[in-house]
Amino acid sequence: MSDTILTLTGVQADIAQYHILQGVDLAVPRGAVTMLLGRNGVGKTTTLRTIMGHLVARQGVIGFDGMDITARATSARARLGIGYVPENMGIFSDLTVEENMVLAAVSGRLLAERRDRIFAAFPPLRTFWTSDAGTLSGGQKQMLSIARAMAEDRKLYLIDEPTKGLAPAIISTMVAALRELKDGGASILLVEQNFAVARALGDHAAVMDDGRIVWSGEMSELADDAGLQERLMGLSMEGK
Amino acid sequence: MSDAPDHRPTMAAVSFGARLDWAAPWLMVPALILLGFFAIGSMSSWLTLTVSALAMGMMIFVMASGLTLVFGLMDVINFGHGAFVSVGAFVGVSTVLALGHWAGAPSLVLNLLAVGLGVLAAMLVTGVLGWIFERVIIRPVYGAHLKQILITMGGLIVVEQVIVMIWGPDEIFFARPETLKGAITFAGAALEKYRLLAVAVGLAVFVAMRLVLRRTRIGLIVRAGVENGEMVEALGYRLGMVFVGVFIAGSALAGLGGVMWGFYQEVITAGMGEDMMVLVFIVVIIGGLGSVEGAFIGALMVGLMQNYIAFLEPKAALISNIALMTAILMWRPQGMMPVVKAK
């Protein structure tokens with residue numbers, strides 16, 4: 001078994017007439033958290049959407065778990081074991097929290113043991129179990145979105161900005177849940193704008209600019225080098 | 001510990017009116033019936049008209065239910081939906097006429113058996129036709145509304161001409177099976193037996209659809225798919241397959257609606273489905289695209305408006321449903337119960 005779960009080789013993708021991904025090369029190690037970082041509009045979300053098959057890779061190869069999945073349908077990629085938490089959370093607001101979770105367990109039933117673990121990580125989901133998901137707050141919706149990806153074991157989790165727009169208290173709940181996932185040996189590719197969260201969770205990091213990966217290495221190396229951050233992402237971590 | 005004050009959000013109570021907001025569409029039907037009662041004045045006329053209106057509404061709902069799901073699920077505008085109504089009517093009525101000795105016998109069981117077989121044949125044929133229609137006509141034009149409108153209109157014309165080829169260009173007149181003729185008298189009002197049967201069938205279809213959509217896994221996938229198809233696929237479901245299933249079911253239901261409408265009018269023409277499409281589209285639009293419940297309420301309202309206004313002010317009947325649609329869209333521009341799109 002290779003120690004890389006996902007590889008992107010020269011992947012190019014367009015949105016309408018715009019050439020967004022201009023040759024992405026990325027390797028996501030198995031059993032670790034890889035942060036996908038970069039400024040707004042450099043193609044992070046597009047990269048995840050292309051991995052998931054929502055956008056067609058015009059060129060390049062996407063390899064997952066030893067297979068070439070470039071031409072596979074989105075549903076086939078999901079069934080191979082990729083869990084996806086989109087930036088807009090993708091909650092079914094007309095369905096109840098329970099129905100959202102049941103639907104996420106593609107193989108059949110949501111196991112009680114699994115449900116209890118999700119309740120422990122995200123207590124509000126227990127409270128609102130039978131409510132319409134549309135009535136949840138933004139933070140609760142984000143919890144549901146991540147919980148949905150956790151409804152079954154996945155080989156790889158693609159998570160897009162799970163802390164976007166959330167209050168600090170909820171961010172720590174989110175970080176704790178993701179850390180638990182990580183401690184369980186999950187492979188995660190995480191897009192995150194909050195550098196503190198990235199530093200807390202990431203093992204590896206890849207930084208994008210203009211539709212390409214411009215730097216990749218250990219997260220700790222990036223976290224410790226303010227000059228590198230400034231150069232790659234225009235980040236200024238004054239006072240940190 | 002944080003220096004921030006305790007977070008204790010206060011919850012203001014929602015006003016009674018706002019809490020009733022979700023029920024407002026459901027209240028429209030009884031409100032309209034009540035309004036009709038006061039406007040018409042005569043108990044027996046009102047009762048006859050109401051049953052007739054509900055029967056008409058139920059039949060339109062049966063035709064519209066598939067169309068609204070098809071639109072909600074895959075964003076497909078199918079102007080050819082009326083073809084299934086016409087084909088259903090011709091196949092169903094021909095089957096019942098072929099079983100003339102059963103349909104003509106003064107036995108309820110034999111009559112219902114004949115009609116049941118007619119309905120089965122109609123749904124089977126329109127289901128298969130729907131499957132072919134989806135493969136040949138709809139699939140190449142996913143995501144392109146203008147092309148969908150043009151090619152489905154073309155499909156409708158072709159199917160109508162095939163009907164003319166098989167059954168001839170003339171309208172076919174016929175009588176209902178023996179025991180479904182006539183009326184029963186209730187509170188001084190004559191209620192046609194067939195209309196009561198139509199109401200029962202429409203109600204059964206609505207309840208069955210709701211059960212499937214609310215209580216089964218496939219229903220869950222359809223409801224989620226109407227709201228956010230991309231996410232349903234990202235969970236591992238093949239939405240394309242689900243869509244084909246819904247399209248076939250919707251076509252078969254349109255076929256059922258066609259048989260019901262044919263026996264209601266006691267005449268069938270190749271263009272009957274096309275004629276019905278105006279009402280069907282009004283129902284889908286005022287109900288809210290993608291909403292089966294909305295289509296149900298919308299269909300009943302269209303039926304009620306049409307019948308009451310035709311009685312009260314015949315000249316205004318022509319514009320009554322357009323006026324209803326305008327009023328509803330001014331109140332709720334997305335229709336009464338729009339399915340939230342989160343794409």
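Numbered from 1 within each chain, the chains take letters A, B, ... in sequence-line order.
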> Taking atom CG of B:Asn228 and atom CE of A:Met89, what is their separation to the nearest 0.5 Å?
Replying inline: 12.0 Å
> Under 4.5 Å, heavy atom to heavy atom, which residues of residues 154-161 of chain A contact chain B?
Replying inline: none
> What are the two closest heavy atoms between B:Leu235 and A:Phe92, and how far apart are they?
Replying inline: CD1-CE1, 3.9 Å
>> For the CE atom on B:Met241, are there more than 12 heavy atoms of other groups (residues, nucleotides or ligands in this structure) within a distance under 6.0 Å?
In response: no
> Is B:Arg332 atom CZ crowded by more than 12 heavy atoms from other residues, nucleotides or ligands, each under 6.0 Å away?
Replying inline: yes
>> Quick check on B:Gln334: does its CD atom have over 12 non-hydrogen neighbours (other residues, nucleotides or ligands) under 6.0 Å away?
In response: no
>> Has B:Glu227 got a side-chain atom pairing as donor or acceptor with A:Ser93's backbone, closer than 3.5 angstrom?
In response: yes
>> Show the nearest heavy-atom pair for residues A:Glu99 and B:Arg214, with the distance to one decimal.
In response: OE2-O, 4.1 Å
> Is atom CH2 of B:Trp26 surrounded by more than 12 heavy atoms (other residues, nucleotides or ligands) closer than 6.0 Å?
Replying inline: yes
> Would you call B:Met231 and A:Ile91 a side-chain contact if the rule is heavy atoms closer than 4.5 Å?
Replying inline: no
> Atom OH in A:Tyr84, atom CD in B:Glu230: separation rounded to 0.5 Å?
Replying inline: 7.0 Å
> Do you know the tightest heavy-atom contact between A:Met52 and B:Ala234?
Replying inline: CE-O, 3.8 Å
> Out of curiosity, A:Asp94 CG to B:Arg223 CZ, how far, rounded to the nearest 0.5 Å?
Replying inline: 7.5 Å
> If every non-hydrogen atom of A:Arg79 is compared with every non-hydrogen atom of B:Tyr237, which pair is closest and at what distance?
Replying inline: NH2-CD2, 4.4 Å
> When only heavy atoms count and the cut-off is under 4.5 Å, which of residues 70-77 of chain A reach chain B?
Replying inline: A:Thr74, A:Ser75
>> Please classify the contact of B:Ile221 with chain A as side chain, backbone, both or neither, using a heavy-atom distance under 4.5 Å.
In response: both
